[in-house]
Amino acid sequence: MAKDPNFRLIIFAIFATIISAVYMLYLYSKGGATYIVSVGLNEFGKSLGSFGFFTIWFVYSRSVMKLIVQKGSIVQRLNPVGERPAFASDLWDVLNILNKAHPYLGLSSIALIYLHGYLVLPFMNNLPLLLVLALLAWQGFFGILLKLKFTPAVLKSRSYLIHTQFYTAAMILILAVLGHTLWQ
């Protein structure tokens, strides 16, 4: 096996991207939105949205848990988890599990939410959906930069600051609620 600690994550990202792209291209070749409606894939798309919400909830609950469990200023609490302190509780163990699952859940949430948006309604008719997808791509891009082995240190530090913004999470939440409210 490869010695790169991110090897499994890279394979997972490639696999999720290929499966999502092939599925979307297949549906597009069959007629796109009209085919989706005619065979009832809308319901499948709605369930993908539920799974996407579930995975993104875990991704952002990790950040909230870091604020609760770690000590120091808010910026220090959002830094990657270091050694287990003496005062640590069972929440620390849960946080470590969420830290390990974070990249996989993040990639999964992006793929699931993209497929959800594609299967439920036409992309171009829903501006909040397009903005949510752009913000998810933004978060995913900077998250990937953090994991790449050859990313320069300056770019990694700036990527970390961008990737950990609560503003982005708030915008995703607001736009998702707005999009679901306006287009139901």
Side-chain angles (χ1 to χ4, degrees), residues 6 9-10 12-25 27-28 32-33 36 41-42 44-68 74-75 77-80 95 98-148 151-152 154-184:
N6 296 318
L9 181 60
I10 292 167
F12 182 77
I14 291 169
F15 178 74
T17 303
I18 289 172
I19 294 296
S20 299
V22 166
Y23 191 63
M24 286 174 65
L25 288 172
L27 292 175
Y28 182 75
I36 290 168
L41 284 174
N42 301 57
F44 179 63
K46 289 178 184 176
S47 64
L48 286 179
S50 298
F51 287 119
F53 173 76
F54 180 71
T55 56
I56 205 165
W57 182 84
F58 272 111
V59 167
Y60 287 112
S61 67
R62 170 187 168 262
S63 297
V64 172
M65 190 174 287
K66 285 170 92 172
L67 290 172
I68 294 168
I74 290 180
V75 174
R77 290 179 191 186
L78 289 175
N79 284 333
L95 180 59
L98 287 175
N99 281 334
K100 290 177 185 169
H102 176 80
Y104 298 99
L105 290 172
L107 286 167
S108 298
S109 66
I110 291 170
L112 289 168
I113 293 170
Y114 265 79
L115 287 173
H116 163 70
Y118 185 75
L119 293 175
V120 172
L121 55 99
F123 266 70
M124 296 302 159
N125 295 343
N126 190 338
L127 181 61
L129 173 64
L130 293 173
L131 294 172
V132 164
L133 297 178
L135 288 170
L136 286 172
W138 170 268
Q139 287 289 82
F141 175 73
F142 286 105
I144 288 170
L145 283 180
L146 291 171
K147 286 295 190 179
L148 291 176
T151 304
V154 171
L155 187 56
K156 260 193 190 190
S157 66
R158 300 231 167 113
S159 296
Y160 187 78
L161 291 174
I162 293 170
H163 185 72
T164 59
Q165 291 295 315
F166 277 119
Y167 298 117
T168 309
M171 287 190 299
I172 289 171
L173 177 66
I174 290 167
L175 290 168
V177 168
L178 182 65
H180 283 92
T181 303
L182 293 177
W183 275 267
Q184 287 295 329

Donor-acceptor pair, distance only, cut-off 3.5 Å: does the side chain of Thr55 make one with the backbone of Gly52? yes
Are the side chains of Ile113 and Phe53 in contact, using a 4.5 Å heavy-atom criterion? no
Criterion side-chain contact (heavy atoms from CB on, under 4.5 Å) on Leu27 and Leu119, from CA distance to verdict: CA-CA 9 Å; Leu27 292 175; Leu119 293 175; 3.2 Å; yes
Here the pair of heavy atoms bringing Ile56 nearest to Ser109 is N-CB, 3.8 Å
Does the Thr151 side chain pair with the main chain of Leu145, one donor and one acceptor, at a distance under 3.5 Å? yes
How far does CG of Leu41 sit from CG of Leu115, to the nearest 0.5 angstrom? 11.0 Å
Over all atoms of both residues, closest heavy-atom pair of Asn42 and Val120: ND2-O, 3.6 Å
Set of side-chain contact (heavy atoms from CB on, under 4.5 Å) partners for Phe58, sequence neighbours left out: Phe54, Ser61, Leu98, Leu105
Can you name the nearest heavy-atom pair linking Tyr114 to Ala134, along with the distance? OH-N, 4.4 Å
Out of curiosity, Leu129 CG to His180 NE2, how far, rounded to the nearest 0.5 Å? 8.0 Å
Rounded to the nearest 0.5 Å, what separates atom CG in Leu131 from atom CD1 in Ile174? 12.0 Å
For Leu107, check side-chain contact (heavy atoms from CB on, under 4.5 Å) against everything at least two apart and list the hits. Leu9, Phe12, Ala13
Close side-chain approach of Tyr118 to Tyr28, heavy-atom, < 4.5 Å: yes
Qualifying residues under ring-ring contact (aromatic ring centres under 6.0 Å, His included), relative to Trp57, sequence neighbours excluded: none
Look only at the side chain of His163 and the backbone of Gln139, and say whether a donor-acceptor pair between them is shorter than 3.5 Å. yes
Donor-acceptor contact present, side-chain His116 to main-chain Leu112, <3.5 Å: no
Main chain of Ile10, side chain of Lys147: is a donor-acceptor contact present, judged purely on distance under 3.5 Å? no
Can you see which heavy atom on Leu175 is nearest to which on Leu135, and at what distance? CD1-CD1, 3.9 Å
What's the separation between atom CG in Leu173 and atom OG1 in Thr168, rounded to the nearest 0.5 Å? 12.5 Å
Leu155 vs Pro152 side-chain heavy atoms within contact, under 4.5 Å: yes
Interatomic spacing from CD1 in Ile19 to CE in Met24 - rounded to 0.5 Å: 13.5 Å
Return the NE2 to OH distance between His102 and Tyr60, rounded to the nearest 0.5 Å. 8.0 Å
